[in-house]
Number of protein chains: 2
Amino acid sequence: MEAVKLKKSKQRDAILAFLKTRKDHPTADTIYDNVKKDIPNISLGTVYRNLAVLTEIGEIQKLSFDGSSDRYDPVTAPHCHFRCRNCGSVYDVDVDPDFLNSISLPKEGFPGQVEGQITVFYGTCEKCMDQYS
Amino acid sequence: MEAVKLKKSKQRDAILAFLKTRKDHPTADTIYDNVKKDIPNISLGTVYRNLAVLTEIGEIQKLSFDGSSDRYDPVTAPHCHFRCRNCGSVYDVDVDPDFLNSISLPKEGFPGQVEGQITVFYGTCEKCMDQYS
DNA sequence: TCAATATTAGGAATTATTCCTATTTTTAGA
DNA sequence: TCTAAAAATAGGAATAATTCCTAATATTGA
């Protein structure tokens with residue numbers, strides 16, 4: 001939580017750049033595998049540390065789901081996710097802006113100060129549905 | 001995923017009974033510590049396995065959050081949670097039924113069949129706010 | 001009562017993530 | 001440009017949560 005002055009790092013830049021090419025919210029491990037193509041001796045610890053830093057400064061967001069590794073999303077603007085309970089994939093969902101507004105900041109009866117909210121829809125993705133029909 | 005015929009087990013009953021006494025969505029470890037008072041030689045693996053079974057049959061729900069152990073909630077009726085980003089506590093939130101309806105089942109544009117949704121509000125709980133003011 | 005099958009305790013194994021340390025890189029200022 | 005302080009790194013060890021394994025036990029329906 002201390003204010004730390006960031007120094008530039010090509011590892012961090014590469015991680016963020018890679019993340020921005022992807023729409024599927026990759027895990028730290030996937031990011032590691034891919035960034036390694038450019039920086040062969042990058043370490044997984046470095047990936048995790050930089051993802052934490054980027055999350056802290058609000059450049060990206062971390063998504064946690066039941067039963068799988070954390071995923072990282074380069075889009076911090078409000079949006080929702082859809083997660084397949086069968087294969088674990090996570091997709092962005094373009095919901096009606098009105099809907100976003102309606103859930104964005106609620107009224108009262110909260111046991112604290114609300115700073116944000118996360119909505120995740122879950123179900124079966126089309127790929128998995130095709131597979132069992 | 002196979003259909004398995006459940007046999008009764010006092011361990012499972014005790015786990016569910018304990019969970020129903022709590023409103024704070026305890027972790028497997030907390031459940032273990034408490035059920036151990038009645039069944040001293042119960043094992044943590046048994047706790048995890050039964051929580052998984054109970055989740056699978058829809059008796060309880062499992063809640064996953066960033067950076068902490070999974071938590072278990074004996075209430076499966078639709079409701080929302082509030083999580084303190086400072087201390088990690090998870091509270092139930094009684095939201096307006098209209099609000100619940102409004103988020104309950106959305107329209108279209110989803111990459112699959114929606115079976116449910118989870119909304120988590122996050123922020124700073126009152127206890128933590130008091131502490132820093 | 002018996003046999004089939006689910007469940008258990010206990011502990012080993014796995015997985016994701018964090019932490020540690022010596023070294024390297026970046027940065028701001030002289 | 002040179003230098004010293006601070007941040008960042010690689011590599012690997014350590015940790016924490018959870019799952020898996022196995023032999024023994026409990027439950028069930030016939």
Side-chain angles (χ1 to χ4, degrees), chain A residues 1-19 25-57 59-73 83 88 90, chain B residues 1-19 25-57 59-73 83 88 90:
Chain A
M1 285 298 173
E2 302 293 316
V4 170
K5 195 168 291 182
L6 288 189
K7 294 185 173 176
K8 87 189 240 280
S9 116
K10 72 172 187 227
Q11 288 85 348
R12 181 157 58 235
D13 292 349
I15 288 165
L16 183 56
F18 169 72
L19 199 52
H25 315 89
T27 62
D29 216 60
T30 301
I31 295 166
Y32 173 62
D33 287 342
N34 281 274
V35 172
K36 210 160 38 172
K37 291 173 190 165
D38 287 330
I39 306 174
N41 67 339
I42 193 172
S43 76
L44 185 54
T46 295
V47 172
Y48 271 106
R49 185 169 23 74
N50 278 300
L51 288 170
V53 168
L54 290 166
T55 301
E56 183 129 351
I57 65 177
E59 275 287 315
I60 66 176
Q61 63 175 314
K62 182 174 171 183
L63 311 174
S64 298
F65 299 97
D66 172 27
S68 68
S69 303
D70 289 340
R71 291 161 173 273
Y72 296 87
D73 186 343
R83 177 160 193 260
V90 175
Chain B
M1 284 298 171
E2 303 291 316
V4 170
K5 195 167 292 182
L6 289 188
K7 293 183 174 178
K8 88 191 240 281
S9 115
K10 72 172 188 228
Q11 287 84 347
R12 182 156 58 236
D13 291 348
I15 289 165
L16 183 56
F18 170 71
L19 199 53
H25 315 90
T27 62
D29 217 59
T30 301
I31 294 166
Y32 173 62
D33 286 343
N34 281 275
V35 172
K36 210 160 38 171
K37 292 172 191 166
D38 287 329
I39 306 177
N41 68 337
I42 193 172
S43 78
L44 186 54
T46 294
V47 172
Y48 272 106
R49 185 170 24 74
N50 278 299
L51 288 170
V53 167
L54 290 167
T55 301
E56 182 129 352
I57 65 177
E59 275 287 316
I60 66 176
Q61 63 175 317
K62 181 174 169 180
L63 311 174
S64 298
F65 299 96
D66 173 27
S68 69
S69 303
D70 289 340
R71 289 162 174 272
Y72 296 87
D73 186 343
R83 177 160 193 259
V90 175

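Residue numbering restarts at 1 for every chain, and letters A, B, ... go by the order of the sequence lines.
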Handout entry: Sorted by number, the residues of residues 6-14 of chain B with heavy-atom contact under 4.0 Å to DNA chain D
Key = B/Lys7, B/Lys8
Exercise for the section: Assign A/Leu44 to base, sugar-phosphate, or nothing according to its heavy-atom contacts below 4.0 angstrom with the strands shown. Expected result: base
Exercise for the section: Give a yes/no answer on whether the side chain of B/Arg49 brings an N or O atom under 4.0 Å of OP1 or OP2 in C/dT8. Expected result: yes
Handout entry: Residue pair B/Gln11 / B/Ile39, side-chain heavy-atom distance below 4.5 Å
Key = yes
Problem - Exercise: identify the closest heavy-atom pair between B/Ser43 and B/Tyr32 - result: C-CE1, 3.7 Å
Exercise for the section: Just do the side-chain contact (heavy atoms from CB on, under 4.5 Å) check on B/Thr30 and B/Asp33 with the steps written out, would you? Expected result: CA-CA 5 Å; B/Thr30 301; B/Asp33 286 343; 5.6 Å; no
Handout entry: Min side-chain heavy-atom separation A/Leu6-A/Ile57 under 4.5 Å
Key = yes
Practice task
Could you check how far CD1 of B/Ile42 sits from C1' of D/dT25, rounded to whole Å?
Solution key: 15 Å
Handout entry: Interatomic distance, B/Asp38 CG vs C/dT8 P [rounded to whole Å]
Key = 15 Å
Show each protein N/O and nucleotides 14-16 of chain C N/O combination with a separation under 3.5 Å, one pair to a line.
none

Problem - Distance in Å, B/Leu54 CG paired with B/Ile60 CD1, rounded so as to fall on 0.5 Å steps - result: 4.5 Å
Handout entry: For B/Ser64 against B/Asp70, the heavy-atom pair lying closest together
Key = OG-OD1, 3.0 Å
Exercise for the section: Please name the pair of heavy atoms, one in B/Val90 and one in B/Arg71, separated by the smallest distance, quoted to 0.1 Å. Expected result: CG2-CD, 3.6 Å
Completion exercise
Looking only at heavy atoms, the pair that brings B/Pro26 and B/Phe18 closest together is CG-CE2, 4.2 Å
Handout entry: Under-4.0 Å side-chain N/O to phosphate OP1/OP2 contact, A/Ser43 with D/dG11
Key = no
Practice task
Report the nucleotide, chosen from D/dT19, D/dA10, C/dG10, that has the shortest atom-to-atom distance to any side-chain atom of A/Thr46.
Solution key: D/dA10
Problem - Whole-Å gap separating P (D/dA10) and CG (A/Asn50) - result: 9 Å
Completion exercise
Rounded to whole Å, OH of A/Tyr32 lies from C1' of C/dT17 at a distance of 14 Å
Problem - Degree of bending, the helix from C/dT1-D/dA30 to C/dA30-D/dT1 (end axes from five pairs; round to 10°) - result: 40°
Problem - Distance, rounded to the nearest Å, where A/Glu56 contributes CD and D/dA7 contributes P - result: 14 Å
Exercise for the section: Mark yes or no for whether B/Arg12, through its side chain, and B/Lys7, through its backbone, hold a donor-acceptor pair below 3.5 Å. Expected result: yes
Problem - Minimum-distance pair of heavy atoms, taken over all atoms of B/Val35 and B/Ile15 - result: CG2-CA, 4.0 Å
Practice task
Calculate the interatomic distance between B/Ile39 atom CD1 and C/dT7 atom P; express it in whole Å.
Solution key: 15 Å
Handout entry: Separation of atom CG in A/Asn41 from atom P in C/dT23, rounded to whole Å
Key = 16 Å
Handout entry: Under 3.5 Å side-chain donor-acceptor pair for A/Ser68 and A/Arg83
Key = yes
